[in-house]
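A quick write-up on the structure given underneath.
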Amino acid sequence: MFDDLRDLYQEVILDHGRKPRNFRRLEDADRVARGDNPMCGDRLELFLKLAPDGSIADAAFQGRGCAISTASASLLTETVKGKSQEAAHALSDQFRTLAMTGACPECGATLADEMERLQPLSGVHEFPSRVKCATLAWHTLNAALDAAPGQIKEASSE
Amino acid sequence: MFDDLRDLYQEVILDHGRKPRNFRRLEDADRVARGDNPMCGDRLELFLKLAPDGSIADAAFQGRGCAISTASASLLTETVKGKSQEAAHALSDQFRTLAMTGACPECGATLADEMERLQPLSGVHEFPSRVKCATLAWHTLNAALDAAPGQIKEASSE
Amino acid sequence: MVGGGGVNDATLASSFDIERIRRDFPILAQTVRGKPLVFLDSGASAQKPRAVIDAMVRCMEERYANVHRGAYFLSEAATEAYEAARGAVARFLNAADPREIVFTTNSTAAINLVAHSWGRGVMQPGQAVLISELEHHANIVPWQLLRDDKGIALRVARVTDSGEIDLDDVAAKLADGKVGLVAMAHMSNVLGTVAPVERIIRMAQAAGAKVLLDGSQAAVHRRVDMQALGADFYVFTGHKLYGPTGIGVLWARLEHQERMPPFLGGGDMISMVTMERSEWAPPPAKFEAGTPPIIEAVGLHAAIDYVSAIGMPAIEAHERQLVDHAMRRLTDIDGLTLLGRAQDRGGVFAFALDNAHPHDLATLLDRAGIAVRAGRHCAEPLHSRFGVEGGTVRASFGLYTTAQEVDFLAEALTKAREFFA
Amino acid sequence: MVGGGGVNDATLASSFDIERIRRDFPILAQTVRGKPLVFLDSGASAQKPRAVIDAMVRCMEERYANVHRGAYFLSEAATEAYEAARGAVARFLNAADPREIVFTTNSTAAINLVAHSWGRGVMQPGQAVLISELEHHANIVPWQLLRDDKGIALRVARVTDSGEIDLDDVAAKLADGKVGLVAMAHMSNVLGTVAPVERIIRMAQAAGAKVLLDGSQAAVHRRVDMQALGADFYVFTGHKLYGPTGIGVLWARLEHQERMPPFLGGGDMISMVTMERSEWAPPPAKFEAGTPPIIEAVGLHAAIDYVSAIGMPAIEAHERQLVDHAMRRLTDIDGLTLLGRAQDRGGVFAFALDNAHPHDLATLLDRAGIAVRAGRHCAEPLHSRFGVEGGTVRASFGLYTTAQEVDFLAEALTKAREFFA
Ligand SMILES: Cc1ncc(COP(=O)(O)O)c(C=O)c1O
Ligand SMILES: Cc1ncc(COP(=O)(O)O)c(C=O)c1O
């Protein structure tokens with residue numbers, strides 16, 4: 001009955017949706033932001049720990065959401081670890097193009113591995129009302145990167 | 001071009017519209033009321049002088065309005081003079097039936113002469129948006145009869 | 001499959017020819033993603049029968065002009081049609097007088113009208129408005145705005161675990177006599193609960209409070225009778241009653257309308273305007289500023305004629321059977337939690353599956369052609385009350401909904417649970 | 001019959017196939033009281049082309065559901081259509097961002113929104129609103145209500161005998177810097193005057209005032225460009241732009257929308273609701289409480305596509321020719337007094353005959369199949385200003401109006417004068 005949905009709900013998404021990685025509060029986080037999708041009530045909090053050189057040493061999240069938004073946040077935390085803030089920003093932009101269009105022709109090679117890892121989320125572009133589920137975590141990442149230390153920024157996918 | 005409108009604008013109406021009778025202020029009026037048709041901006045003031053027995057000794061009006069509302073007010077002042085207040089009330093009810101339906105099957109014989117005199121206004125029933133022009137003076141008459149001496153009552157045909 | 005209502009229901013429902021009715025709704029013949037459309041979101045907005053569509057087309061093709069101030073044929077015809085719609089609404093609600101009917105944009109605008117005009121113009125600081133935990137945001141936020149603007153307290157009556165208004169709590173919150181207005185949903189858009197409005201009205205009136213009922217859901221599912229009910233304000237919205245968007249109804253007693261200051265200012269709501277001051281037209285024109293929803297009033301009139309021809313009692317009986325059937329089928333599904341089990345309820349079911357987020361579930365069902373809503377259905381506090389902040393999936397029925405569609409939903413839910421297992 | 005605009009106009013207008021255009025409007029084929037319909041009341045509300053009717057029918061037959069919160073096909077399609085309409089309006093107005101477009105019920109609701117939200121939430125007591133003598137009640141009464149509610153003064157700029165805004169008086173009334181908002185009609189619905197809005201905007205801004213333009217008439221007759229104009233708020237109403245009733249537009253800069261508190265409370269305008277407090281959705285959702293006019297937005301979109309395909313410059317050129325023609329024909333009639341002789345004017349003519357009350361005149365014209373409006377056209381102060389408290393007759397043109405219809409009106413007026421002689 002739902003076989004044609006295996007494109008959207010690939011095994012990796014169901015897996016990250018059920019058992020999100022880095023699903024915890026980072027008590028000593030340097031950057032924190034909250035994301036909110038009023039459409040479906042999804043909420044998440046994203047924590048970033050920065051290395052002395054400013055790159056992202058650790059990333060974690062908490063919150064509630066659908067399989068797609070949870071998997072997206074989970075994959076995000078795995079993908080941005082070790083990245084410079086600029087690279088994380090760039091990745092976020094590329095991911096949003098991917099989620100909205102299903103492809104990212106101008107993504108270039110710089111973050112090719114990371115984009116490949118995020119590829120399973122690209123199926124969402126066929127479901128206009130679900131794109132925001134996939135991008136929520138990434139909006140929140142941008143907000144966290146822009147936040148001042150100690151401040152908690154709010155992001156929304158609407 | 002407008003020949004079929006001779007039903008509505010009979011000569012007697014055009015005449016009363018152009019040269020309204022009793023078109024003056026009654027300085028020593030016992031009853032006064034104002035009538036207002038917000039639809040077309042028509043306004044009139046109706047004055048009644050009562051005889052010792054309570055009947056209507058004199059009636060006059062002032063104001064501005066279309067041919068139909070002016071003619072109706074003019075004919076009203078002529079028709080109610082000498083009537084008891086009850087008879088004036090009854091005539092007002094009958095006239096409104098005439099204006100809305102074009103006839104008054106239950107009018108009976110009591111006020112037959114008066115109704116005959118008002119007959120030229122019956123054509124208005126074919127013009128729904130104009131019925132209020134014809135009835136404004138009569139609404140105002142009812143208000144004047146209900147007014148306390150010295151009070152100025154407001155009536156509206158809407 | 002005969003419903004709880006017994007013989008009477010069965011008789012009524014047997015005269016209810018569902019196949020003929022479905023043919024009246026052009027959109028129901030659609031396929032969605034290659035599957036027949038199973039539309040279970042009528043609680044959000046209902047589909048439109050051919051009669052409504054045709055009436056609107058005829059209005060635009062044959063009888064259209066602005067209303068009220070035109071002394072020519074088309075304007076007179078449009079005015080007549082607009083006022084005839086008012087008359088039809090009055091009869092539908094069994095109002096005492098057509099002037100009790102104010103046309104608005106939707107239920108939301110109707111409640112806001114009361115909150116602004118009655119709330120700010122007639123109520124006094126220190127008084128309170130009593131709502132309940134199960135309200136739609138349209139019956140929460142306007143009162144919050146009033147509270148923050150005018151110092152009128154907002155009280156919230158509890159909802160029991162079975163999803164019913166806690167009448168003891170209502171009594172307690174009315175006890176000090178400070179509640180000026182009780183504003184409650186006649187039927188919940190999430191739980192399906194039909195509130196015991198007769199009792200609530202008696203309790204409110206004994207405590208000196210006026211009553212506004214949000215009939216957005218109830219008026220679609222049952223016959224409502226203003227003269228029997230005795231409330232003070234009643235609202236509903238055209239698009240849920242098989243009519244067009246862009247039109248809603250406020251029923252308000254004339255004596256209340258007289259006391260209420262105008263809300264929106266503009267054309268048609270005045271009797272006299274100078275730059276210094278204006279005078280207001282008599283009710284209901286006083287509350288209908290500007291060009292009204294003329295085409296929409298004609299559409300709503302046709303919708304009311306449509307449901308009236310079928311008969312509200314027949315619609316209610318059909319729905320009762322569906323509700324009983326859905327109750328059996330949904331409670332059979334492993335891992336499914338239903339929100340609310342009110343005794344008196346209509347065809348709205350909100351539920352959660354243990355292993356699927358509502359949004360994922362809705363996407364799955366959509367692929368099977370089943371249209372349901374996921375989220376908090378504009379009733380966030382109610383979802384918090386039941387500890388389902390993440391939302392629910394809601395299936396809601398219209399008069400065209402069939403038992404087969406309910407079966408189809410139940411099967412899809414079972415398969416969805418396997419999908420996410 | 002070539003208009004004042006010269007060659008350019010003539011070229012544009014020659015590509016304007018009036019017969020084809022008239023066939024697009026089903027109602028124009030009607031006869032009224034046995035005579036062909038001559039519809040000269042488009043200023044009150046315009047007729048609807050087939051394209052608008054069809055779009056609304058298609059929406060209801062094929063793509064209808066409630067918007068925004070549905071994760072299923074029909075709701076996604078309806079949401080897309082609704083937001084596409086917003087985009088079309090943004091392009092029509094050349095707005096910088098579709099989020100500057102707020103859908104309302106009509107112009108009246110849009111002006112009231114600004115009066116409530118900006119007027120009560122952002123303006124300060126002691127400030128003033130400056131309007132003019134020629135405003136429609138929709139742009140008078142909301143400011144009177146604000147004045148009486150919040151102690152914000154109302155100033156009224158004079159209109160000259162030729163029916164133009166007296167700019168010296170505007171300057172004088174702006175001089176003390178207390179005017180917070182200038183709210184004026186872009187085009188008068190009685191005199192046809194097109195206001196010199198660019199100058200007024202510059203004067204207002206120099207005096208520190210924001211500017212709201214009531215484009216209810218202007219947006220129908222000319223291309224308006226938000227980015228070129230530089231106003232702060234702009235409103236228009238769907239039904240005058242050949243679209244359905246029940247929908248209007250407020251264009252408001254995002255920075256203003258951010259500062260404005262919400263007006264109506266309810267679903268879709270919130271991002272979070274608890275009983276204690278709520279948070280607002282970002283603009284423009286913040287101002288669109290409740291189920292929006294979905295079918296009407298689709299209809300308005302079709303109307304905008306329709307006029308855009310013809311081209312606003314071509315529509316304007318056609319109208320300019322008609323206006324010149326009407327000016328010649330009407331001023332030829334003995335005993336006819338025309339209200340206003342503005343240099344820059346659109347196709348709206350209000351006039352009085354010396355021996356006929358406007359209402360009687362309208363009834364006569366109606367018998368000849370000519371639909372005109374009699375009264376004060378929701379501009380009572382303007383009629384007092386010109387000493388015509390009894391009202392005027394107004395003929396107003398649409399893009400389907402022909403020179404022959406103007407001739408027909410002129411002949412009928414001459415005969416009407418004889419009738420009442
Ligand atoms: C100049 C002007 N402003 C405002 C309005 C009000 O428009 P609506 O009745 O659609 O709100 C009109 C039309 O009636 C108008 O001509
Ligand atoms: C109970 C209830 N109240 C109010 C509303 C608001 O209706 P509308 O959006 O048409 O204003 C709804 C529907 O959304 C509802 O179900």
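Just so we're on the same page: letters track the sequence lines, and every chain starts at 1.
- The structure places CE of M60(C) at 12.5 Å from CZ of F25(D), a figure rounded to the nearest 0.5 Å.
- Between C378(C) and D268(D), the closest heavy-atom pair is SG-N, 4.5 Å.
- Within 6.0 Å of CZ on R120(C) lie more than 12 heavy atoms contributed by other residues, nucleotides or ligands.
- The contact between V156(D) and chain C is made entirely by side chain atoms (from C-beta outward), counting heavy-atom distances below 4.5 Å.
- The parts of E61(D) that come within reach of chain C are both its backbone and its side chain, each placing non-hydrogen atoms under 4.5 angstrom from that chain.
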| Passes side-chain contact (heavy atoms from CB on, under 4.5 Å), D41(C) versus L74(D)? Steps please. | CA-CA 10 Å; D41(C) 196 25; L74(D) 283 179; over 6 Å; no
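- Using a 4.5 Å cut-off between heavy atoms, A362(C) contacts chain D through both its backbone and its side chain.
- Relative ring orientation between F263(C) and F263(D) is described as tilted, the plane-to-plane angle lying within the 30° to 60° band.
- Of the residues considered (N139(C), I370(C), I294(C)), I294(C) shows the highest number of contacts with chain D, using heavy-atom pairs under 4.5 Å.
- At a 4.5 Å heavy-atom cutoff, L365(D) makes no contact with chain C through either its backbone or its side chain.
- Interface remark: M56(D) contributes side-chain atoms only to the contact with chain C (heavy atom separation under 4.5 Å).
- With a 4.5 angstrom heavy-atom cutoff, Q144(C) touches chain D only via side-chain atoms.
- By number of non-hydrogen pairs under 4.5 angstrom with chain D, the leading residue of E296(C), R367(C), K48(C) is E296(C).
- Only the backbone of A46(D) comes within less than 4.5 Å of a heavy atom in chain C; its side chain stays farther off.
- With a 4.5 angstrom heavy-atom cutoff, T104(C) does not touch chain D via any of its atoms.
- In this structure, chain C has a heavy atom under 4.5 Å from the side chain of E76(D), while its backbone stays farther away.
- Between the N112(D) side chain and the L264(C) main chain, no donor and acceptor come within less than 3.5 Å of each other.
- For the options K240(D), M272(D), H359(D), heavy-atom pairs under 4.5 Å to chain C are most numerous at M272(D).
- Only the backbone of V67(D) has a heavy atom closer than 4.5 Å to any heavy atom of chain C.
- With a 4.5 angstrom heavy-atom cutoff, I247(C) does not touch chain D via any of its atoms.
- For H116(D), the part lying under 4.5 angstrom from a heavy atom of chain C is the side chain only.
- Taking each heavy atom of V141(D) and S278(C) in turn, the nearest pair found is CG2-OG, 4.2 Å.
- Chain D forms the most heavy-atom pairs under 4.5 Å with one residue out of H377(C), M275(C), E276(C), and that residue is M275(C).
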Criterion side-chain contact (heavy atoms from CB on, under 4.5 Å) on R373(C) and N66(D), from CA distance to verdict
CA-CA 10 Å; R373(C) 197 144 280 241; N66(D) 211 330; 3.9 Å; yes
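- When side chains are defined from C-beta on, P262(C) counts as touching L145(D), because their heavy atoms get closer than 4.5 Å.
- Options A289(C), G375(C), A297(C) differ in how many heavy-atom pairs under 4.5 Å they form with chain D, and the most are formed by A289(C).
- The closest side-chain heavy-atom distance from Y72(D) to L40(C) is not below 4.5 Å.
- For P292(D), the part sitting under 4.5 Å from any heavy atom of chain C is the backbone (N, CA, C, O) and nothing else.
- For T291(D), the parts lying under 4.5 angstrom from a heavy atom of chain C are both the backbone and the side chain.
- Annotation: maximal heavy-atom pairing with chain C below 4.5 Å, among G248(D), A71(D), A65(D), occurs at A71(D).
- Counting heavy-atom pairs under 4.5 Å between each of A115(D), P293(D), A371(D) and chain C puts A371(D) at the top.
- Formation of a donor-acceptor pair under 3.5 Å by the N106(C) side chain with backbone atoms of G290(D) is not found in this model.
- With chain C as partner, the option from A379(D), G265(D), P142(D) having the largest number of non-hydrogen pairs under 4.5 angstrom is G265(D).
- Residue contact with chain C, scored on non-hydrogen atoms closer than 4.5 Å, involves the backbone and the side chain of I295(D) alike.
- Side-chain contact check for T245(C) and Y64(D): no donor-acceptor pair (N or O, by modelled atom type) lies under 3.5 Å.
- The parts of R63(D) that come within reach of chain C are both its backbone and its side chain, each placing non-hydrogen atoms under 4.5 angstrom from that chain.
- Ranking V372(C), T237(C), L113(C), T363(C) against chain D, the residue ahead of the rest is V372(C), based on heavy-atom pairs under 4.5 Å.
- Using a 4.5 Å cut-off between heavy atoms, R147(C) contacts chain D through its side chain alone, with no backbone atom that close.
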